[in-house]
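Here's the structure we're looking at; comments come further down.
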Protein chains: 2
Amino acid sequence: MSRVAGKSGPYHHGDLRAALVAQGLEIARSEGPSALSLREVTRRAGVSPAAAYRHFRDRAALMSALGREIQELMAKRMRARSDAPTGGAVASADGTQHGPVEAAERAQAALRRLRGVGLGYIEFAVDEPGWFELAFFGESARPDEASPADRPVATAGPAGQARLEEVPPFAELLAALEDCVTSGALSARRRAGAEFSCWSAVHGCAELMVHGPLRGADPRVVRAVAERVVDDIISGIRG
Amino acid sequence: MSRVAGKSGPYHHGDLRAALVAQGLEIARSEGPSALSLREVTRRAGVSPAAAYRHFRDRAALMSALGREIQELMAKRMRARSDAPTGGAVASADGTQHGPVEAAERAQAALRRLRGVGLGYIEFAVDEPGWFELAFFGESARPDEASPADRPVATAGPAGQARLEEVPPFAELLAALEDCVTSGALSARRRAGAEFSCWSAVHGCAELMVHGPLRGADPRVVRAVAERVVDDIISGIRG
DNA sequence: ACACGGATGTTATTTATGTTCACATTCACC
DNA sequence: GGTGAATGTGAACATAAATAACATCCGTGT
């Protein structure tokens, strides 16, 4: 049969890999990652379990792909939450002199951006706990990574683990921190290592709200705690 | 046969529940939590898989028990790391007046203790990643909890979730924070909500080192980052 | 046109796991 | 000693991951 659409679709799916990822995202979002089996994904995609192995080395590789997808969504959310970048680097490179008032404003804007990055991260985790739980799945797994197909040869870093800049939410943080430095909100000395403090606080807070004792707490409490944590760590890295 | 020790031990194990927990801890420590199946635990305990169900409602309940056990170990480590408490509450309650120098010393000691609590938490995670991963397993699970046997009726809080003071590592943090307040190292206003900031930063840092990009990094780097994170958040909560 | 090879899906099988059920053994207590 | 509850056994069922052998489709070169 060429394509008798009577019951089962055409033998070839078209873009199964994308379909599997899409179904995986939906399962993780609604049922949670514990309900996310390779078989269930293929079931929903209307395909046999073994078909998935044409696109992913194993279950872990599927999870990694989902994780990367979710990281992109997180970064998007963080960008939206932190408004537009202040463009500090450009302004400081054009040689124009600014008055102290404008400089202070730029620094404030950079700090707001940093704050938005952190709050966006936490908000994403709270709004999409199923996704959040999956986002960093692959980081603990071996460097199996993608399917036999799309392996761009030298994707991985020194020991086969993703470099920080390649984790989209982390990249947002790094950018925001740079902005703080160029705008003068953060001294170069204080900058070193600040990304770890920021990420720690914000990620830990998200965990607290998704898995920890703040799970299911009043949204106003959640928001207040998130703001407190973010403000504390920003205050902390500035000394 | 009453007890022909020839091959299999006596029909009744003695204290199987404890044995299962012990084996579970060992597996998690060496092989990692992913290797931790109910069957493997019973296998190592020399008992049939079904036997476990006399002591735990299901696999998740076993995991919860392991988690609680590990939390105790963590707290022990944190206590060791943070030396002795400063006894601030006692000193401030006995009516004795202290000079400004002694007060400052007490405050410093309280801050050192808080620092030790944080660093102890992180060190535990780095030294025992398998255990750390399991420590808070049950927090996301439903309130299944213990075996049909030992259910002390009203263990759980409002919605069936453990209260903060009942999580041993968290209790250490709370105690250290109180110490900071009574010693004057932390104002009462700043105290409110500080436990969330502290826990977030420290737990997030631990995650960074166990699952995240700092996994397997040079111990000196790990130590430096840990100290930086802890110092930043302590600085942050003090304003 | 058409044969061929690689990519993609399928069915069947293997091994492992969580869980339950009916049954066996042992312990504690009367 | 006898009896019931606690505890352990063995067999079974459902599901999952992974692999192998086979089927189908697609593009491509002649």
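Scope of the values below: all heavy atoms of this structure, side chains included, with no hydrogens, waters or symmetry mates. Throughout, a chain's letter reflects where its sequence line sits, starting with A, and its residues are numbered from 1.
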Return the value, rounded to whole Å, for the distance between atom OH of A:Tyr53 and atom C1' of C:dT13.
-> 14 Å

Taking CZ from B:Arg57 and C1' from C:dG18, how many angstroms apart are they, rounded to a whole number?
-> 14 Å

Can you check the B:Glu40 CD to C:dT19 P distance for me, whole Å?
-> 16 Å

By side chain to side chain donor-acceptor pair (under 3.5 Å), which residues pair with A:Glu207, not counting sequence neighbours?
-> none

Is a salt bridge present between A:Glu227 and A:Arg223, judged by a nitrogen-to-oxygen distance below 4.0 Å?
-> yes

Please figure out whether B:Asp15 or A:Arg43 has its closest DNA chain D nucleotide nearer the 5' end.
-> B:Asp15

Can you tell me how far P of D:dT24 sits from CG of A:Leu16, to the nearest Å?
-> 19 Å

Rounded distance (Å) that lies between atom P of D:dT15 and atom CG of B:Asp58 | 18 Å

Identify, with sequence neighbours excluded, every residue that meets side chain to side chain contact (heavy atoms under 4.5 Å, CB included) alongside A:Ser48.
-> A:Ala50, A:Ala51

Would you jot down, in residue-number order, the residues of residues 23-30 of chain B having a non-hydrogen atom under 4.0 Å from DNA chain C?
-> none

Within the structure, does a side-chain N or O atom of A:His55 lie under 4.0 Å from either OP1 or OP2 of C:dG9?
-> yes

Salt bridge A:Arg68-A:Glu72, side-chain N to carboxylate O under 4.0 Å = no

Carboxylate-amine/guanidinium contact A:Glu40 A:Arg43, below 4.0 Å | yes

From CZ of B:Phe56 across to C1' of C:dT19 the rounded distance in Å is 16 Å

Here the distance between atom C1' of C:dT17 and atom CG of B:Leu36, to the nearest Å, is 13 Å

Tell me which of A:Val47 and B:Ala35 sits closer to the 5' end of DNA chain C, going by the nucleotide each one is nearest to.
-> A:Val47

By side chain to side chain contact (heavy atoms under 4.5 Å, CB included), B:Pro33 pairs with (sequence neighbours left out) B:Glu133, B:Leu134

Quick one: list whatever passes side chain to side chain contact (heavy atoms under 4.5 Å, CB included) with B:Cys198, sequence neighbours left out.
-> B:Leu173, B:Leu177, B:Ile237

Where is the tightest heavy-atom contact between B:Phe137 and B:Ala60, given as atom of each residue plus distance?
-> CE2-O, 3.8 Å

Interatomic distance where CE belongs to A:Met63 and C1' belongs to D:dA17 [whole Å] | 11 Å

Which atom pairs link the protein and nucleotides 10-12 of chain D when you take only N or O atoms and keep those under 3.5 Å?
none

Out of C:dG18, D:dA17, D:dG8, which has the shortest distance to the side chain of A:Leu38?
-> D:dA17

Taking the side chain as C-beta and beyond, is there a heavy-atom pair between A:Arg191 and A:Glu178 under 4.5 Å?
-> yes

Out of C:dC23, D:dA17, C:dT10, which nucleotide sits closest to the side chain of B:Arg54?
-> C:dC23

